[in-house]
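By convention in this document, chain letters (A, B, ...) are assigned in the order of the sequence lines, proteins followed by strands, and residues within each chain are numbered from 1.
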Protein chains: 2
Amino acid sequence: MKLPETAKNRLEDALKQLNLRPTQQREHVFAVLLSERDHPTADEVYVRAKKSMPSISLATVYNCLEILVSCKLVKQVNFDREPTRYCPNLAEHAHFHCNDSHRVYDVDLPQDLLNSLKSVLPKGYEASKVELSFHGTRVDTTPSK
Amino acid sequence: MKLPETAKNRLEDALKQLNLRPTQQREHVFAVLLSERDHPTADEVYVRAKKSMPSISLATVYNCLEILVSCKLVKQVNFDREPTRYCPNLAEHAHFHCNDSHRVYDVDLPQDLLNSLKSVLPKGYEASKVELSFHGTRVDTTPSK
DNA sequence: ATTGAAGCTTAGAATCATTATTATTACAAA
DNA sequence: TTTGTAATAATAATGATTCTAAGCTTCAAT
């Protein structure tokens with residue numbers, strides 16, 4: 001579990017902007033998030049982080065995640081009132097939540113769709129954030145022999 | 001606070017389908033929800049319900065709301081991990097969450113937009129539910145003299 | 001009317017993700 | 001080194017929601 005140089009630089013720059021220090025824990029939590037393309041909960045991050053940093057505490061994981069969010073290096077993803085999930089994919093995208101596996105998949109959002117989404121708002125409504133999520137099941141489309 | 005005849009019938013029919021009884025509490029909670037066009041939390045419903053039914057308990061309000069949801073007379077609306085809100089507007093619609101007032105407004109969703117939303121899903125993803133929400137502020141568009 | 005079973009309501013306890021608190025540690029500036 | 005500030009760790013507290021246990025209603029069958 002090692003943070004690539006470019007990510008490390010991004011983190012250090014972002015932290016510097018907020019007068020925060022690049023600590024081992026912050027780097028490690030960021031590395032954990034980047035190492036898999038899923039959307040772990042704070043608790044799952046904690047479990048993964050402990051593997052190579054056994055002394056890290058859950059509170060620190062929460063703190064680091066919150067700081068990564070305020071640095072805009074990570075996004076929070078919420079489904080109903082389930083535990084918050086963390087997502088290092090900064091591109092504008094939607095989420096698909098699989099009812100079976102409980103996994104979350106990213107879904108690309110074409111820019112023109114985003115625009116037509118905002119166009120449904122009545123006059124006087126200014127949206128700073130649009131959230132789009134799907135719930136359903138993935139069906140296996142592998143052709144059988 | 002009185003439940004209109006038609007709503008009362010809807011409730012009784014829906015409950016009958018699930019072999020549930022039309023109790024005073026259930027009717028009252030439904031009436032509370034219908035009486036305002038906002039999206040109250042369970043706690044807010046509880047406060048309103050107590051005004052004309054002081055003996056009702058918070059647990060009962062939660063129970064009634066959950067039953068109304070399973071009857072499909074009411075929808076749950078979640079924003080991040082804020083308390084769940086309840087919405088008797090059954091039409092397919094999006095929500096606008098005002099950062100200033102913390103109120104939630106319904107936004108109509110044209111059917112063709114809904115269709116194009118589902119069309120962004122890759123093959124093999126079957127969405128049973130689409131959630132679309134906006135966060136932002138309402139700007140006053142009243143023309144000044 | 002009485003009984004019994006099933007469904008309801010209530011009060012309070014329990015749960016669980018998250019946040020707050022506090023003491024300790026790390027580290028930079030003086 | 002001393003001093004001050006920020007970060008971490010352990011633990012307690014919070015708050016929405018759910019669960020549990022007990023006592024009520026309702027209603028069908030006696």
Side-chain angles (χ1 to χ4, degrees), chain A residues 11-12 14-32 39-71 74-87 97 102 104, chain B residues 11-12 14-32 39-50 52-71 74-87 102 104:
Chain A
L11 175 58
E12 286 179 357
L15 288 172
K16 195 171 289 175
Q17 300 245 326
L18 299 177
N19 281 314
L20 298 172
R21 295 178 191 157
T23 64
Q24 289 193 343
Q25 286 85 345
R26 286 167 186 173
E27 284 186 7
H28 185 53
V29 166
F30 194 33
V32 164
H39 299 72
T41 63
D43 217 70
E44 288 166 346
V45 172
Y46 175 51
V47 169
R48 295 177 196 178
K50 271 207 298 196
K51 284 187 185 150
S52 44
M53 186 184 273
S55 68
I56 198 169
S57 74
L58 178 58
T60 299
V61 169
Y62 270 103
N63 286 337
C64 293
L65 288 171
E66 194 190 306
I67 280 166
L68 291 173
V69 169
S70 54
C71 283
V74 166
K75 280 187 190 167
Q76 290 182 314
V77 183
N78 287 286
F79 287 103
D80 301 333
R81 288 186 49 85
E82 290 177 14
T84 298
R85 294 169 178 277
Y86 296 85
C87 163
H97 195 240
H102 274 249
V104 174
Chain B
L11 175 57
E12 288 178 356
L15 288 172
K16 194 171 292 178
Q17 301 243 325
L18 298 178
N19 280 317
L20 298 172
R21 295 176 189 161
T23 65
Q24 288 194 343
Q25 285 87 345
R26 288 167 185 175
E27 284 186 6
H28 186 52
V29 167
F30 193 33
V32 164
H39 299 70
T41 62
D43 218 69
E44 287 165 344
V45 172
Y46 175 52
V47 170
R48 294 178 197 176
K50 270 208 296 196
S52 42
M53 187 186 271
S55 69
I56 198 170
S57 74
L58 178 58
T60 298
V61 168
Y62 270 104
N63 286 337
C64 292
L65 288 171
E66 194 191 306
I67 281 168
L68 291 173
V69 169
S70 54
C71 282
V74 165
K75 281 185 190 167
Q76 289 183 314
V77 183
N78 288 285
F79 287 103
D80 301 333
R81 287 185 50 86
E82 291 178 14
T84 299
R85 294 169 180 277
Y86 295 85
C87 163
H102 273 249
V104 174

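Side chain of B:T60, nearest nucleotide from C:dT9, D:dC19, D:dT17: C:dT9. Of the candidate nucleotides D:dC19, D:dT25, C:dT18, D:dC19 has the atom nearest to the side chain of B:A59. Closest to the B:N63 side chain, of the nucleotides C:dT10, C:dT18, D:dA7, is C:dT10.
Heavy-atom distances under 4.0 Å link DNA chain C to B:T23, B:Q25, B:R26 of residues 22-31 of chain B, given in residue order. Residues of residues 76-86 of chain B that place a heavy atom closer than 4.0 Å to DNA chain D, in numerical order, are B:P83, B:T84.
Contact of the A:Y86 side chain with the A:Q76 side chain is registered, since non-hydrogen atoms from C-beta on lie closer than 4.5 Å.
Taking A:K50 as the reference, A:Y46 meet the side chain to side chain donor-acceptor pair (under 3.5 Å) condition, with sequence neighbours excluded.
Ring geometry for A:H97 against A:H102 counts as perpendicular: the plane angle is over 60°, on a 0 to 90° scale with 30° as the lower cut.
Of the two residues near DNA chain C, B:L58 and B:N19, the one whose nearest nucleotide lies more 5' is B:N19.
B:S57 has a side-chain polar atom (N or O) that falls below the 4.0 Å cut-off from OP1 or OP2 of C:dT10.
Using a 4.0 Å heavy-atom distance criterion, B:D43 is classed as making no nucleic acid contact.
When the shell of 6.0 Å around CD of B:E66 is examined, it contains 12 or fewer heavy atoms from other residues, nucleotides or ligands.
Remark: of the listed residues B:L15, B:L11, B:V74, B:L15 is the sole one forming a side chain to side chain contact (heavy atoms under 4.5 Å, CB included) with B:I67.
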